[in-house]
Amino acid sequence: MLDLRFIRQNVDTVRKAIKAKNEKADIDKIIQFDEDKRKMQFEFDRMRAEQNRVSQEIPQLKKAGRDVSQLLADMSTIARKIKDISQDLLEISDRLNSELLKVPNIPAPDVPVGNSSENRLIREWGKPKHFPFTPRDHLELAEMNGFLDFKRAAKISGSGFSAYTDLGAKLERSLINFMIDFHVKNHGYREISLPVMVKREAMIGTGQLPKLEEDMYLIEADDLFLVPTAEVSMTNFHTGEIIPWQNLPLQYVSYSPCFRREAGSYGKETKGLQRLHQFNKVEMVRFVHPEKSYDILEEMVRDAEEIIRELGLHYRIMCLATGDLSFASAKTYDIEVWSPGSAKYLEVSSISNFESFQARRASLRFRDTDDKVKFLHTLNGSGVATPRTFIALLETWQNKDGSIDFPPCLQQYLN
RNA sequence: GGAGAGUUGCCGGAGCGGUUGAACGGGGCGGUCUCGAAAACCGUUGUGGGUUUACGCCUACCCAGGGUUCGAAUCCCUGACUCUCCGCCA
């Protein structure tokens with residue numbers, strides 16, 4: 001959510017951002033509602049002051065033996081008016097707020113403008129591995145090694161679900177353990193494990209709602225959502241708190257299953273592990289001082305890429321263009337690993353700076369050195385998602401006979 | 001699922017329907033004292049909104065939403081959450 005005062009003073013900037021992100025928030029409505037609301041608030045305050053003043057006089061007049069019946073009658077009228085106004089005030093606040101929740105975050109100034117074709121290559125590591133034979137894709141390799149069983153997964157849950165079997169299951173678990181341990185040991189994150197079912201407010205807090213309700217799994221009986229990423233639970237972990245600046249940054253790493261309905265994306269990348277309704281991911285979240293968030297964004301990219309390097313995978317880093325940015329993000333880097341089997345890059349990590357956008361929605365504040373309470377900045381990044389990493393790992397480390405070698409960093413977990 | 005208890009400021013803990021933004025205690029911060037520290041003493045210590053060049057002033061907020069009243073932290077209703085016990089269960 002953006003600061004209303006900011007919107008008021010930077011209408012054009014906000015309009016541009018809405019357009020760049022292909023969103024449809026109504027700024028004119030917001031400006032109008034805001035104006036109406038402040039007018040009502042002023043009127044309400046004025047009448048309330050009057051009411052408070054007289055209400056304090058009444059007992060004194062009574063004590064002095066004066067007749068207050070006329071006064072009481074007058075006040076009764078005022079009380080009714082106040083009730084009417086506060087009703088209107090509530091209504092306009094609701095309308096303003098729900099409109100405000102539709103306004104996306106503003107892209108950072110150095111983000112390329114345009115759709116995904118404008119995504120900017122930042123750097124790459126390694127190069128596509130050359131094989132002296134035709135590399136197999138992960139499905140074939142998984143089949144040969146008995147790592148996956150999609151048919152049976154479908155029996156249980158339908159399409160879009162995976163089953164890892166035997167060494168495949170252990171490999172996936174090893175990936176998760178390796179990543180978490182690595183981030184804790186080398187990058188100073190605290191490991192946490194949080195609920196994967198969350199309240200509606202939490203989903204609004206991080207910005208999935210109201211926009212993406214269609215893509216979320218909802219448990220209607222309890223109005224709880226299955227998280228599409230651990231980001232939701234982690235970012236809302238400190239909701240409503242005012243954190244002393246000395247305690248910043250706070251940085252957490254957590255593994256969680258992620259649930260996505262992927263409504264409307266059927267037929268896209270549906271093969272194997274590429275796009276699933278449920279998958280596992282290690283996620284990093286940081287709560288930081290606003291002045292440092294962009295440095296930390298770079299730092300988090302390095303945190304994530306180190307993992308992939310340890311796994312011996314070729315990758316590249318892209319800076320997403322405005323049209324490809326998520327609703328809540330100001331700037332996002334994607335890390336894409338090379339899949340020799342399909343000869344293309346697969347997104348395994350997305351690292352974003354949300355600036356104060358989520359902080360404002362979820363009420364995440366800190367007390368700065370000047371003793372003022374301010375919104376902090378939040379960032380998150382996958383560190384990283386397991387299915388596509390699993391794909392690239394099998395395909396990159398395959399041998400001619402279909403057997404797989406494993407990178408050294410996983411040995412201790414696999415043995 | 002059944003039965004009860006609770007939700008007040010940074011924390012503990014009061015609070016007859018009318019100067020209660022909230023007693024009292026603790027903590028924090030500032031000061032006096034001290035070579036320094038401790039102790040003692042004094043002062044201060046919430047978050048939004050509106051208005052003002054500024055000091056300030058007004059307003060809202062004692063879990064949330066309604067209601068009663070001229071006036072509600074205080075009375076009534078509904079809901080959320082927490083806790084205890086019973087049942088059930090991984």
Side-chain angles (χ1 to χ4, degrees), chain A residues 1-9 30-101 156 193-205 209 218-226 233 236-248 250 257 356 359-376:
Chain A
M1 184 155 57
L2 299 176
D3 182 11
L4 242 181
R5 232 170 284 154
F6 176 87
I7 295 179
R8 220 181 282 150
Q9 287 157 16
I30 289 173
I31 297 290
Q32 189 59 50
F33 288 167
D34 175 42
E35 230 170 80
D36 293 350
K37 186 191 162 186
R38 277 182 298 149
K39 265 186 213 148
M40 282 181 209
Q41 184 71 53
F42 182 82
E43 188 59 17
F44 176 84
D45 284 357
R46 206 177 55 81
M47 297 186 79
R48 225 18 188 149
E50 166 79 0
Q51 187 184 46
N52 286 343
R53 194 177 55 75
V54 177
S55 289
Q56 276 173 28
E57 278 171 11
I58 286 176
Q60 285 161 24
L61 292 173
K62 267 185 177 167
K63 229 180 271 170
R66 305 266 285 277
D67 176 27
V68 294
S69 54
Q70 181 58 44
L71 205 48
L72 290 187
D74 292 348
M75 291 317 288
S76 167
T77 314
I78 289 193
R80 223 171 306 126
K81 276 189 197 157
I82 288 177
K83 196 185 277 181
D84 286 348
I85 293 181
S86 68
Q87 195 61 46
D88 293 348
L89 200 53
L90 222 66
E91 221 170 272
I92 195 88
S93 298
D94 275 358
R95 282 202 282 173
L96 175 60
N97 205 255
S98 69
E99 208 53 43
L100 218 43
L101 287 176
I156 312 164
S193 178
L194 300 175
V196 294
M197 287 158 65
V198 302
K199 296 197 270 193
R200 186 172 284 274
E201 295 92 284
M203 295 286 273
I204 290 172
L209 297 184
L218 169 63
I219 297 147
E220 281 186 43
D222 299 294
D223 203 36
L224 288 172
F225 289 85
L226 293 177
S233 324
N236 284 285
F237 193 51
H238 289 290
T239 288
E241 296 180 25
I242 297 173
I243 298 162
W245 64 268
Q246 296 94 329
N247 295 6
L248 297 180
L250 292 168
S356 58
R360 207 168 264 117
R361 290 180 162 233
S363 185
L364 301 163
R365 293 175 296 176
F366 75 107
R367 192 174 295 282
D368 206 350
T369 47
D370 62 8
D371 225 36
K372 292 226 171 77
V373 175
K374 302 170 184 169
F375 289 107
L376 47 76

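The analysis underlying the following values was restricted to heavy atoms, covering all of them including side chains, and did not include hydrogens, waters or symmetry mates. Chain letters run A, B, ... following the sequence lines, proteins first, then strands; residues in each count from 1. Bear in mind that the values here come from a model prediction, so they are computed numbers and not experimental data.
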Distance in angstrom units between A:K372 NZ and B:C29 C1', rounded: 17 Å

Looking only at atom P, what distance separates B:C85 and B:C16, rounded to whole Å? 31 Å

Do the non-hydrogen side-chain atoms of A:I242 and A:F366 ever get within less than 4.5 Å of each other? no

So A:L90, base contact, sugar-phosphate only, or nothing? Heavy-atom distance under 4.0 Å. sugar-phosphate

Name all residues meeting the side-chain contact (heavy atoms from CB on, under 4.5 Å) criterion together with A:D94; count only those two or more places apart in sequence or in a different chain, and write none if there are none. none

Integer angstrom distance from the C1' of B:G65 to that of B:C61: 14 Å

Distance, P atom - from B:A54 to B:C41, rounded to whole angstrom: 40 Å

Only stems of 3 or more consecutive Watson-Crick or G-U pairs count here, both distances under 3.5 Å; name the ones for RNA chain B, or none. B:1-7 with B:80-86, B:10-12 with B:24-26, B:27-32 with B:40-45, B:46-51 with B:56-61, B:63-67 with B:75-79

Could you state the interatomic distance from CD1 (A:I82) to CD1 (A:I85), rounded to the nearest 0.5 Å? 7.5 Å

Of all residues at least two apart in sequence or in a different chain, which pass the salt bridge (Lys or Arg N to Asp or Glu O under 4.0 Å) check with A:E241? none

Residues that A:Q32 engages under side-chain contact (heavy atoms from CB on, under 4.5 Å), provided they are two or more places apart: A:D36

For A:E43, check salt bridge (Lys or Arg N to Asp or Glu O under 4.0 Å) against everything at least two apart and list the hits. A:R46

Please report, rounded to the nearest Å, how far the C1' atom of B:G21 is from the CD atom of A:Q56. 13 Å

What string of B, S and - do you get for nucleotides 46-62 of chain B, 5' to 3', when a contact is any protein heavy atom under 4.0 Å? SSSBS-------SSS--

What salt bridge (Lys or Arg N to Asp or Glu O under 4.0 Å) pairs are there with at least one residue in residues 195-204 of chain A, not counting sequence neighbours? A:R200-A:E213, A:R200-A:D223

Give me the residues of residues 67-78 of chain A where at least one heavy atom lies under 4.0 Å from an atom of RNA chain B, by number, or none. A:L72, A:M75, A:S76

Do A:R38 and A:Q41 have side-chain atoms, one donor and one acceptor, less than 3.5 Å apart? no

Gap in Å between the two C1' atoms, one belonging to B:C11 and one to B:G2, rounded: 35 Å

Find which nucleotide of RNA chain B each of A:K83 and A:Q60 is nearest to by heavy atoms, and output the residue with the more 5' nucleotide. A:Q60

Please work out if A:K62 contacts a base, only the sugar-phosphate, or nothing of the nucleic acid, heavy-atom cut-off 4.0 Å. base

Residues at least two apart in sequence or cross-chain that pass side-chain hydrogen bond (donor to acceptor under 3.5 Å, both in side chains) with A:R5, listed by chain then number, are none

Taking the same atom, C1', in B:G46 and in B:A39, what whole-Å distance lies between them? 30 Å

Under the salt bridge (Lys or Arg N to Asp or Glu O under 4.0 Å) test, which residues partner A:R8, sequence neighbours left out? A:D34

Residues that A:D45 engages under salt bridge (Lys or Arg N to Asp or Glu O under 4.0 Å), provided they are two or more places apart: none

Using atom CG of A:L61 as one end and atom C1' of B:G71 as the other, report the distance to the nearest whole Å. 14 Å

Phosphate contact (B:C70 OP1 or OP2) by A:Q51 side-chain N/O below 4.0 Å: no

Pick the C1' atom in B:G26 and in B:C81, then give their distance to the nearest Å. 27 Å

Integer angstrom distance from the C1' of B:G21 to that of B:C10: 16 Å

Separation of B:G67 atom P from A:I82 atom CD1, nearest Å, is 14 Å

Using the P atom in both, what is the distance from B:G79 to B:A90, to the nearest Å? 31 Å

For residues 65-92 of chain A, which residue pairs qualify under salt bridge (Lys or Arg N to Asp or Glu O under 4.0 Å), counting only residues two or more places apart or in two chains? none

